[in-house]
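One structure below.
A note on names: the letters A, B, ... follow the listed sequences, proteins ahead of strands, and every chain is numbered from 1.
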Amino acid sequence: MIDLVRLRREPEVVKAALARRGVSPEVMDAILEMDVKHRELLQEAEGLRAEVKFLSRLVGEARRDKDAETADALTEKSRKLGDEERGATEAMERVGGLLHDELLMIPNLPAAEAPDGADENDNVELRRWWVGMDEGLPFPTYAEHQKVPHWDIGIELDILDLEAGARLAGSMFPLYRGDGARLLRALSAFSLDRHLGVYQEVRPPTFALTSTMMSTGHLPKSSDDMYAIERDGLWAIPTAEVPLTSMHAGEILEESRLPIRLCAQTNCFRREAGAAGRDTRGVLRVHEFEKVELFAYCTPEQQEDAFNDILQRAEGVLQALGLTYRLLDLCAGDLGTSSMRTIDLEVFSPGVDRWLEVSSVSKFGDYQARRAQVRYRTSEGNNTLVHTVNGSALGWARVWAALLETYRQEDGSVVLPDVLAAYMGGNATIPARAS
RNA sequence: GGAGGGAUGACAGAGCGGCCGAAUGUACCGGUCUUGAAAACCGGCGUGGGCUUGCCCACCGUGGGUUCAAAUCCCACUCCCUCCGCCA
């Protein structure tokens with residue numbers, strides 16, 4: 001949620017920032033009007049309530065003095081004011097509710113350094129990385145045996161069974177088997193181990209309450225994109241960001257504890273509503289996938305470092321896996337609701353001949369913390385909202401695809417990078433089937 | 001799933017219709033004393049909001065109700081603890 005006080009104080013600055021991501025100034029003006037109205041009603045209601053409380057105290061005193069006549073008269077007067085107060089409070093709460101609902105729909109202000117632009121076409125490529133780049137090798141070229149899409153490799157090596165997945169849960173719910181399943185497990189373990197000691201490992205619940213979803217900004221805006229378990233009032237998390245952001249909801253943290261760095265591996269669920277017909281083959285767009293998330297609660301001063309650390313670690317995983325990737329600086333118009341700055345990592349996968357998004361590193365300022373009410377006590381004793389930062393390291397379904405396609409050998413086998421061997425029982429080769 | 005107990009400020013813990021936003025202790029911050037520290041003593045010390053910045057309002061798990069007046073009474077719910085049952 002954006003800062004209402006700031007909107008009041010510098011409306012033009014806020015409006016200009018939000019206009020960069022397509023929020024019309026009229027919307028903000030309407031909110032400002034509602035805010036004025038709300039405060040008017042608030043004053044009226046509080047004034048009446050103060051009077052009722054004052055009279056009530058007098059009633060008590062009169063009763064104590066055995067002055068029944070005065071007490072009765074005051075009671076009558078207070079009762080009438082009480083009725084009035086109820087009406088005023090109701091009006092105030094109604095407007096306040098509307099104001100709050102509107103405010104929840106307003107996205108975060110883009111950071112100054114986030115590039116201008118309307119949609120994904122305006123995102124800015126910052127740089128690319130590939131094996132040997134530092135030694136001066138050119139951008140890699142890929143051989144014919146690498147230009148096989150992973151869904152074919154999956155069948156060929158008997159490690160991916162999309163039909164079985166579809167039979168069990170519907171299309172876009174993949175089923176991995178054998179070394180394919182083991183590879184996924186290896187990737188999560190490999191990544192988590194890299195961050196151990198700096199980022200505390202967390203294994204949160206897979207489902208979250210509506211109120212929890214609100215904190216990260218996934219609700220109320222994106223309910224269509226998520227799976228709901230209506231009977232129990234739960235939502236399947238689309239990312240570990242959801243539980244991690246709310247882990248300290250409502251708390252006031254000691255400044256000395258910050259930054260609090262967390263990492264978590266979870267399954268992530270996305271309905272991919274509106275994406276029907278796109279990327280229906282393979283595992284590029286699926287309803288359920290595994291992901292390792294890095295996360296930090298920090299002070300405003302720590303935010304930049306926290307952001308860069310997560311970005312570096314996400315890159316580090318890709319470099320360790322020897323995958324070609326690029327960095328995309330998301331333009332203001334393409335930022336997620338809660339984000340003020342996001343850098344996407346896209347891996348190049350030769351089989352499908354495309355760049356695939358495998359990580360999204362974002363900083364949120366106090367936008368999420370305001371919703372979740374996560375604060376810290378500064379050394380001066382003030383309570384201030386924390387800043388939150390997070391990023392994937394990484395979303396595995398697409399990495400899985402890129403690994404198979406990148407490391408496919410002429411004989412059809414896949415020789416994975418050595419770093420994974422320890423997590424694959426010492427053998428990082430997925431053999432070709434003898435057929 | 002059944003029975004019982006509980007939820008109050010950073011923590012512990014009183015209060016059970018009316019000067020209670022809340023005793024007391026600990027912790028914390030400032031001061032006196034001290035070479036310094038500790039101890040002792042003195043003072044301060046919840047959060048959020050509104051406006052005429054001195055006052056007002058809200059908050060005692062959450063939501064509703066009773067009342068002139070609710071932390072206190074009533075109802076529902078949530079969570080925690082103990083015991084029983086069930087279970088990976």
Side-chain angles (χ1 to χ4, degrees), chain A residues 1-9 31-104 203-215 229-235 243 246-258 260 267 297 366-367 369-386:
Chain A
M1 193 154 61
I2 62 160
D3 184 2
L4 179 58
V5 175
R6 180 162 181 219
L7 173 62
R8 234 181 253 158
R9 272 211 276 268
I31 287 180
L32 281 166
E33 259 177 65
M34 252 187 265
D35 175 49
V36 169
K37 183 74 186 160
H38 177 245
R39 277 181 295 156
E40 277 172 17
L41 292 168
L42 181 70
Q43 283 175 54
E44 187 187 336
E46 286 191 350
L48 286 167
R49 204 170 314 144
E51 265 191 88
V52 169
K53 287 183 67 168
F54 179 68
L55 290 176
S56 290
R57 199 158 61 226
L58 294 186
V59 170
E61 282 166 18
R63 288 249 186 277
R64 199 175 318 120
D65 299 341
K66 303 271 191 279
D67 183 353
E69 199 177 313
T70 305
D72 287 348
L74 288 172
T75 299
E76 186 52 35
K77 194 171 170 196
S78 180
R79 190 194 324 234
K80 275 195 193 135
L81 274 175
D83 289 341
E84 231 177 291
E85 184 268 336
R86 254 184 294 282
T89 298
E90 209 174 287
M92 179 274 289
E93 282 175 348
R94 197 173 54 244
V95 174
L98 289 174
L99 173 63
H100 186 71
D101 290 349
E102 284 300 314
L103 225 39
L104 281 180
R203 178 53 253 210
T206 305
F207 304 114
L209 298 167
T210 300
S211 54
T212 308
M213 287 291 183
M214 288 279 185
S215 302
I229 303 171
E230 276 184 51
R231 180 172 162 179
D232 298 296
L234 293 169
W235 302 79
S246 292
M247 238 176 97
H248 292 291
E251 290 183 33
I252 298 173
L253 306 164
E254 285 304 322
E255 184 173 18
S256 58
R257 287 181 65 191
L258 300 176
I260 296 175
N267 287 32
Y297 293 97
D366 60 13
Y367 186 91
R370 183 170 291 105
R371 291 187 175 204
Q373 280 300 300
V374 185
R375 291 170 294 176
Y376 72 99
R377 201 184 308 279
T378 63
S379 42
E380 293 88 52
N382 297 316
N383 294 330
T384 311
L385 293 166
V386 302

Salt bridge between [X] and [Y], side-chain N to carboxylate O under 4.0 Å?
| X | Y | answer |
| --- | --- | --- |
| A/Asp72 | A/Arg63 | yes |
| A/Glu46 | A/Arg49 | no |
| A/Asp35 | A/Arg39 | yes |

First encountered from the 5' end of RNA chain B, between A/Arg375 and A/Lys53: A/Arg375
Earlier contact from the 5' end, RNA chain B, for A/Leu55 and A/Asn383: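 The residue mapped nearer the 5' terminus is A/Asn383.
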A/His100 and A/Met1, any side-chain heavy atoms less than 4.5 Å apart: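 Answer yes - side chains close enough.
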Taking atom [atom1] in both [N] and [M], what distance in whole Å separates the two?
| N | M | atom1 | answer |
| --- | --- | --- | --- |
| B/rC80 | B/rG61 | C1' | 10 Å |
| B/rU8 | B/rU62 | C1' | 15 Å |
| B/rC11 | B/rC16 | C1' | 23 Å |
| B/rG25 | B/rA76 | P | 39 Å |
| B/rA7 | B/rG85 | P | 28 Å |
| B/rA23 | B/rC74 | C1' | 27 Å |
| B/rC33 | B/rC42 | C1' | 11 Å |
| B/rC45 | B/rC55 | P | 15 Å |

A quick test of your reading: do over 12 heavy atoms of other residues, nucleotides or ligands sit less than 6.0 Å from [atom1] of [X]?
| X | atom1 | value |
| --- | --- | --- |
| A/Glu33 | CD | no |
| A/Arg9 | CZ | no |
| A/Glu90 | CD | no |

Audit row: A/Lys37, A/Leu41, side-chain contact (heavy atoms from CB on, under 4.5 Å) steps and yes/no: CA-CA 6 Å; A/Lys37 183 74 186 160; A/Leu41 292 168; 4.2 Å; yes
Contact residues, residues 69-91 of chain A to RNA chain B [heavy atom, < 4.0 Å]: A/Thr75, A/Ser78, A/Arg79
Side chain A/Arg8, main chain A/Val36, donor-acceptor under 3.5 Å: no
Distance-only polar pair, side chains of A/Thr89 and A/Glu93, donor-acceptor under 3.5 Å: no
Start and end of chain A contact along RNA chain B [non-hydrogen atoms, under 4.0 Å]: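 Extent of the interface on RNA chain B: B/rG18 to B/rA69.
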Sugar-phosphate, base or nothing in reach of A/Arg370, heavy atoms under 4.0 Å: nothing
RNA chain B base-pair string [pairs: Watson-Crick or G-U under 3.5 Å; |: paired with another strand]: ((((((((.[[[..)..(.....]]].(((((.......))))).((((((..)))))).[[[[[..)....]]]]])))))))....
Nearest non-hydrogen partners of A/Tyr376 and A/Ile252, listed with the distance: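 Closest approach of A/Tyr376 to A/Ile252: C-CG2, 4.2 Å.
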